[in-house]
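Comments concern the structure below.
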Amino acid sequence: MGETETVQHTPVASAAGDDDLIEIVDMHKWYGDFHVLKNINLTVKQGERIVVCGPSGSGKSTLIRCINRLEEHQKGQIRVDGIELTNDLKQIDAIRREVGMVFQHFNLFPHLTVLENCTLGPIWVRQTPRKDAEAAAMEYLEKVKIPEQALKYPGQLSGGQQQRVAIARSLCMNPRIMLFDEPTSALDPEMIKEVLDTMIALASTGMTMLCVTHEMGFARTVADRVIFMDEGEIIEQNVPEEFFGTPQHERTKLFLSQILGH
Amino acid sequence: MSDTVQNYVPGEYPDQPPPIGQRGIMLWLKTNLFSSWINTLMTLFSIYLLYLIVPPLLNWTVFDAVINATSRAECREIDTGACWAFIANRINILTYGFYPDESQWRVNLSFVLLIAALVPVLFDNVPFRKFGLIYAVAYPFIAGWLLLGGLGLEPVGTDEFGGMMLNTIVGVTGITFSLPLGIALALGRQSHLPIVRTVSICFIEFIRGVPLITLLFVASTMLNYFLPPGTTFDLLLRVLIMVTLFASGYIAEVVRGGLQSIPNGQYEAANSMGLKYWQSMRLVILPQALKVSIPGIVNTFIGLFKDTTLVLIIGLLDVLGIGRSSLADTKWNGLSNEVYISIAIFFFIACFGMSRYSIYLEGKLEKGHKR
Ligand SMILES: Nc1ncnc2c1ncn2[C@@H]1O[C@H](COP(=O)(O)OP(=O)(O)OP(=O)(O)O)[C@@H](O)[C@H]1O
Ligand SMILES: [Mg+2]
């Protein structure tokens, strides 16, 4: 991707003057009596790329879903782009406009064409004129390398193509942060690469990314920081070289040996 | 492209028709009617049954039928088949009830305008659809004015409405208003607001637990107790309201089924994009949920349309009521077959039309989504 695209995703620093895009302080979450997230503290800076990993059921999905309020937290604070997440619907909407999310199962809208999927948000949330929204959508579809599928329906595409459309759909909203929840784990092996390539290209544009994935190769090449979670806690976080080279905790070592071992 | 693909010379294998017996009508006959001895036996038996039923039926309804006569006796003198002359004689009252003759053009005009209003609603590939839809929204007021009169037209009381016109009015009104109300109830039932949810559930369960006839009796008698004395509240209007409420309860449940078939991920994707509740419902959830619900919705509408005959119980003379009372005419004694068959044909055409439209719509949406 060219230099011009880098500029596009470098938004002006927030008014507060600090460049922390996401700030999570002493955050807890319960499902009923079940304590899913315990004392989470995490800050993500503008342009930072973070990979979250951990065993199944450790609360990775729950954590990133709290960031755009798909899940509600019960204690502590979450601030996104300086806006605190509370029950205030206005603030939730404001945050959701700035945060894009890519799901494991794509969640494209099957009754809309690829192009309509991409323009829905800009037209209805950002009030972009249809013409402009379509032009922008085509630009993003080109970046994820499927402009020729624009008029097809999601059901007519392969899994990898659908996930790339989902990424383009999120980008069309011009988000400041992108959340990924295991974007490749529902894909056949031969399609994983095309999606990872798209994400690597996105990372090179300076997008702030928070990515739950078990693709450790991706973590090594792209991540600024790797976070390991277990049983609802952040156990360890470090730059990839240190994280993979000299993991500190027994649980991290065990997890890494399991996931990299074979 | 790989080598094997490049090596292939196009035109080397020209298209050929399949061999005789593997195509066309012979193949169809063979696979569908004579594929096995049991199938062959059933085919022959069916042909025999058709031979027994169809010729006498055609004789009665068409070849031996009488169209011009002034009494049943005259019918019988002319031929032995159906005495359609009776229907022809009563067609006016069967169609318009007691609507004054000189104003019946207004009923006809409203019907033509109704068709014109339905076209842009039912088909999305008509020219100027936007204007058509605006007109469709205005149509109920135009029709109300034409049928009831006033503002320069001779007023006609709703007690003079009757026949097929009455069934059509009740059916079309019920269908038109029960759909949005039913969708609203279905959404209400899923609402996170306890009051909205409770009210929706109570309403739906009440409607589903009470027969329509009971509601119609309530409409015709009980409401008078609740209304301040001296107020007149048109009986037809009460019936329209009751029928609409009744159908909306059923529509709500059908739509709820559709809503439940939408995976959670669709809500999440819509929410995470920043769409507001109503936007995500209108743009993402309902289009998918309603598509799934089409068969159930049309089923409800068909039931509703046939139930319009129940108004005869509270004294409104719909086509069935008028047909029944016309049987009492001594001049035309004993022609109930002709009357009921005609009425059945009227309902069949309307309901079959709805059924076909639902199939057309499903097919069209299927092509679009193609999961
Ligand atoms: N809606 C819910 N109600 C109750 N418990 C839930 C709910 N969603 C998730 N959980 C539980 O919370 C825990 C964390 O779930 P979460 O989906 O965040 O795990 P995860 O780390 O993303 O796992 P995976 O790698 O399998 O996706 C799990 O034990 C799960 O069973
Ligand atoms: Mg998960």
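All values derive from a computational prediction rather than experimental measurement. Naming: A, B, ... by sequence-line order, numbering from 1 per chain.
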How far apart are the C-alpha atoms of A/I92 and B/N271, what are their side-chain angles, what is the distance that settles it, and do they pass the side-chain contact (heavy atoms from CB on, under 4.5 Å) test?
-> CA-CA 10 Å; A/I92 295 173; B/N271 285 342; over 6 Å; no
Considering only heavy atoms, give the residues of residues 57-72 of chain A separated from chain B by less than 4.5 Å, sorted numerically, with 'none' for an empty result.
->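 Residues in range: A/R65, A/N68, A/L70.
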Quick one: pull up [atom1] in [X] and [atom2] in [Y] and give me the separation to the nearest 0.5 Å.
| X | Y | atom1 | atom2 | result |
| --- | --- | --- | --- | --- |
| A/R169 | B/S272 | CZ | OG | 7.0 Å |
| B/Q266 | A/L108 | CD | CG | 8.0 Å |
| B/M273 | A/N107 | CE | CG | 10.0 Å |

State whether the number of non-hydrogen atoms from other residues, nucleotides or ligands found under 6.0 Å of [X] atom [atom1] is greater than 12.
| X | atom1 | answer |
| --- | --- | --- |
| B/F123 | CZ | yes |
| A/D33 | CG | no |
| B/F111 | CZ | no |
| B/F206 | CZ | no |
| B/I195 | CD1 | no |

So do the side chains of A/F109 and B/P287 get within less than 4.5 Å of each other, counting heavy atoms only?
->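 No, too far: nothing below the 4.5 Å cut-off.
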When heavy-atom pairs shorter than 4.5 Å are enumerated against chain B, which of A/R96, A/E98, A/E116, A/R126 gives the highest number?
->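 If we count pairs closer than 4.5 Å to chain B, A/R96 comes out on top.
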Non-hydrogen atoms of chain B under 4.5 Å away: do they reach the side chain of A/L179, the backbone, both or neither?
->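 It is neither, since no heavy atom gets under 4.5 Å.
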Could you look at B/E268 and say if it's the side chain, the backbone, both or neither that has a heavy atom under 4.5 Å from chain A?
->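 Its backbone and side chain both get close to chain A.
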Ignoring hydrogens and angles, tell me if any N or O in the side chain of A/H111 forms a donor-acceptor pair with the backbone of B/I285 under 3.5 Å.
->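 Side chain of A/H111 to backbone of B/I285, a donor-acceptor pair under 3.5 Å: no, none is there.
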